[in-house]
Amino acid sequence: LASSETLRYFDVAGNPREVLLEAGELGFTYCQVPVVMALADSASIVLQTADGKTESVEGSLLSAEQSEALFKKNGHYIRIDVRVTEVMD
C-alpha cells in the first residue's frame, strides 16, 4: 500500500462497514469480522469486542471459545488485529 487503503465489508448484521488500512497492513475478513495483519517484533492477536473491550493473545492461537464466537457469527468480535514476525515467501 502506498499510503492507506480502505477495507470495505459487511458485518454479521449485514451492515456495510469500513476499516482504514495503513501502509504495510493487510486486511481481509474472516466470518465477517475484519482482520488487520502487520509485521511486528513478536506474534500477537488483539480481538476487539462489540462492548468496546479488547482481548489480547500472546502468540498466534485463539482459544476454543474465541474461535467458536467467530464461527457462530454472533457479533461478539468486531475486529481482529494480528501481528506476525516474518514474511512468508
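- Hydrophobic clustering, with ILVMFWY side chains joined whenever heavy atoms are under 4.5 angstrom apart, groups Leu26 together with Ile45.
- One hydrophobic cluster, built from ILVMFWY side chains closer than 4.5 Å, holds both Val82 and Tyr77.
- Going from atom CG of Leu70 over to atom CG of Leu62 covers 6.5 Å, rounded to the nearest 0.5 Å.
- Gln66 contributes atom CD, which lies 11.0 Å from atom OG1 of Thr49 (distance to the nearest 0.5 angstrom).
- When the shell of 6.0 Å around CD of Glu18 is examined, it contains more than 12 heavy atoms from other residues, nucleotides or ligands.
- Partners of Lys72 by salt bridge (charged side-chain N to carboxylate O under 4.0 Å, His left out), not counting sequence neighbours, listed by chain and number: Glu68.
- Minimum interatomic distance between Gly75 and Ala50 (heavy atoms only, all atoms of both residues): O-CB, 3.4 Å.
- Rounded to the nearest 0.5 angstrom, Arg79 CZ and Leu47 CG are separated by 11.5 Å.
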Side-chain polar contacts of residues 28-37 - donor-acceptor pairs under 3.5 angstrom, sequence neighbours left out - could you list them?
from	atom 1	to	atom 2	distance (Å)
Gln32	OE1	Lys73	NZ	3.3
Gln32	NE2	Phe10	O	3.3
Gln32	NE2	Asp11	O	3.0

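- The structure places CD of Gln48 at 14.0 Å from NZ of Lys53, a figure rounded to the nearest 0.5 Å.
- Taken to the nearest 0.5 Å, the OG1 atom of Thr85 stands 8.0 Å off from the CG atom of Leu39.
- Here CD of Glu25 is found 11.5 Å from CD of Glu5. Values are rounded to the nearest 0.5 Å.
- Evaluation of the side chain to side chain donor-acceptor pair (under 3.5 Å) test over residues 35-47, restricted to residues two or more places apart or in two chains, returns none.
- The hydrophobic clustering, which links ILVMFWY residues whose side-chain heavy atoms are closer than 4.5 Å, places Ile78 and Phe71 apart.
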